Amino acid sequence: MEAHTILFDLDGTLTDPGEGITKSVAYALASFGITVQDRRTLYPFIGPPLVESFMGFYGFTAEQAKQAVEKYREYFSQQGIFENTPYPGIHQALAQLKGQGKRLLLATSKPTVFARQILERFDLLPYFDFVGGSDLEGKRGQKGQVIAYTMEQAGVQRPGAWMVGDRKHDVLGARENGLPCAGVLYGYGSREELEEAGAAALLETVPMCAQFFGGRMTGDAR
């Protein structure tokens with residue numbers, strides 16, 4: 001089976017947002033009187049929906065989590081959004097896939113307005129035929145909903161469509177929508193996390209993404 005359409009996650013897959021996201025989370029937590037000594041402890045926030053993470057990691061109520069997201073965006077929208085960098089080789093990989101006629105789409109839990117700004121900032125937007133994300137009102141809060149929305153809006157046909165992401169939410173969201181997911185190991189999810197979620201392939205490097213989808217896929221990339 002040859003891939004004709006590839007849906008990419010953003011954070012931890014195309015770009016490394018570690019600094020900006022953790023600083024934004026720390027800023028939000030500070031508004032609740034919570035001090036973060038080591039921002040690396042906030043890495044689990046990278047990828048999953050923010051409301052879910054504030055509730056799961058800090059025991060916030062749904063209302064507190066909503067307030068935390070609002071504080072998060074105060075910092076993120078002004079500074080954190082660009083404390084971010086594309087992974088080395090991403091431009092080359094996307095250009096190669098695009099040149100081979102692949103249809104590339106973005107499916108991210110990040111609000112679409114922020115996702116587009118990031119893609120534009122790093123000259124990644126031209127590679128994508130559609131940018132799908134959540135919205136600022138909290139709709140499409142789960143990854144499966146984002147993927148479903150992206151597929152519907154872009155008219156994605158199965159089979160031949162794949163998801164690519166670095167966290168279990170990407171894998172599970174893809175499965176909800178009948179898509180296989182290739183998990184990348186250079187992001188923020190572990191091999192164990194991706195395997196347990198049921199990733200159809202594991203790609204260790206950015207070039208492996210281009211190699212895996214650049215031809216006929218007859219084997220496992222593990």
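All residue numbers in this chain count up from 1 along the given sequence. From a predicted model like this one, the values you see are computed outputs, not experimental measurements.
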Val164 and Phe213: side chain to side chain contact (heavy atoms under 4.5 Å, CB included), yes or no, with the steps?
-> CA-CA 11 Å; Val164 179; Phe213 291 111; 3.5 Å; yes
Trace of the salt bridge (charged side-chain N to carboxylate O under 4.0 Å, His left out) decision for Glu70 with Arg73 | CA-CA 5 Å; Glu70 292 175 356; Arg73 288 176 179 162; over 6 Å; no
Report the distance from atom [atom1] of [X] to atom [atom2] of [Y], rounding to the nearest 0.5 Å.
X: Phe54; Y: Ile34; atom1: CZ; atom2: CD1; value: 9.0 Å
X: Gln211; Y: Leu97; atom1: CD; atom2: CG; value: 10.5 Å
X: Asp170; Y: Thr13; atom1: CG; atom2: OG1; value: 5.5 Å
X: Met55; Y: Lys66; atom1: CE; atom2: NZ; value: 13.0 Å
X: Phe122; Y: Leu14; atom1: CZ; atom2: CG; value: 11.5 Å
X: Met163; Y: Asp9; atom1: CE; atom2: CG; value: 5.0 Å

Tell me, do [X] and [Y] make a side-chain contact under 4.5 Å, heavy atoms counted?
X: Thr15; Y: Ile90; result: no
X: Arg40; Y: Thr22; result: no
X: Tyr186; Y: Cys209; result: yes
X: His4; Y: Arg103; result: no
X: Leu106; Y: Leu124; result: no
X: Gln79; Y: Tyr27; result: no

If you group Ile, Leu, Val, Met, Phe, Trp and Tyr by side-chain heavy-atom gaps below 4.5 Å, do [X] and [Y] land in one group?
X: Met151; Y: Val171; answer: no
X: Val131; Y: Val156; answer: no
X: Tyr127; Y: Trp162; answer: yes
X: Ile21; Y: Val146; answer: no
X: Ile6; Y: Ile147; answer: no

Return the minimal non-hydrogen interatomic distance between [X] and [Y], and the atom names on each side.
X: Ala201; Y: Phe212; answer: CB-CZ, 3.7 Å
X: Ser134; Y: Ser109; answer: OG-O, 2.7 Å
X: Asn177; Y: Arg158; answer: O-NE, 2.7 Å
X: Pro48; Y: Ser53; answer: CB-OG, 3.7 Å
X: Gln37; Y: Thr35; answer: NE2-CG2, 3.7 Å
X: Gly12; Y: Val184; answer: O-CG2, 3.8 Å

State whether the number of non-hydrogen atoms from other residues, nucleotides or ligands found under 6.0 Å of Lys168 atom NZ is greater than 12.
-> no
Does Lys98 NZ have over 12 foreign heavy atoms under 6.0 Å away?
-> yes
Evaluate the criterion side chain to side chain contact (heavy atoms under 4.5 Å, CB included) for residue pair Arg167 and Lys143; output intermediate values, then yes/no.
-> CA-CA 10 Å; Arg167 300 300 307 272; Lys143 195 57 180 272; over 6 Å; no
Please report the C-alpha distance between Asp129 and Lys102 in whole Å, then the side-chain angles of each, then the deciding distance to 0.1 Å, and finally whether the salt bridge (charged side-chain N to carboxylate O under 4.0 Å, His left out) criterion is met.
-> CA-CA 10 Å; Asp129 295 327; Lys102 308 301 181 184; over 6 Å; no
Would you find a donor on one side and an acceptor on the other, under 3.5 Å apart, between the side chain of Arg191 and the backbone of Leu185?
-> no
Is the Phe45 ring parallel, tilted or perpendicular to the Tyr58 ring (thresholds 30°, 60°)?
-> tilted
Would you call the rings of Phe130 and Tyr149 parallel, tilted or perpendicular, where under 30° means parallel and over 60° means perpendicular?
-> tilted
Stepwise side chain to side chain contact (heavy atoms under 4.5 Å, CB included) check, Phe8 with Leu94 | CA-CA 10 Å; Phe8 280 93; Leu94 295 178; 3.9 Å; yes
When you look at Glu193 and Tyr188, which way does the side-chain hydrogen bond (donor to acceptor under 3.5 Å, both in side chains) test go after all the steps?
-> CA-CA 10 Å; Glu193 173 184 334; Tyr188 285 87; over 6 Å; no
How far apart are the C-alpha atoms of Ile81 and Ile118, what are their side-chain angles, what is the distance that settles it, and do they pass the side chain to side chain contact (heavy atoms under 4.5 Å, CB included) test?
-> CA-CA 7 Å; Ile81 186 171; Ile118 292 169; 3.6 Å; yes
Would you please indicate yes or no on a ring centroid separation below 6.0 angstrom for Phe32 and Phe60?
-> yes
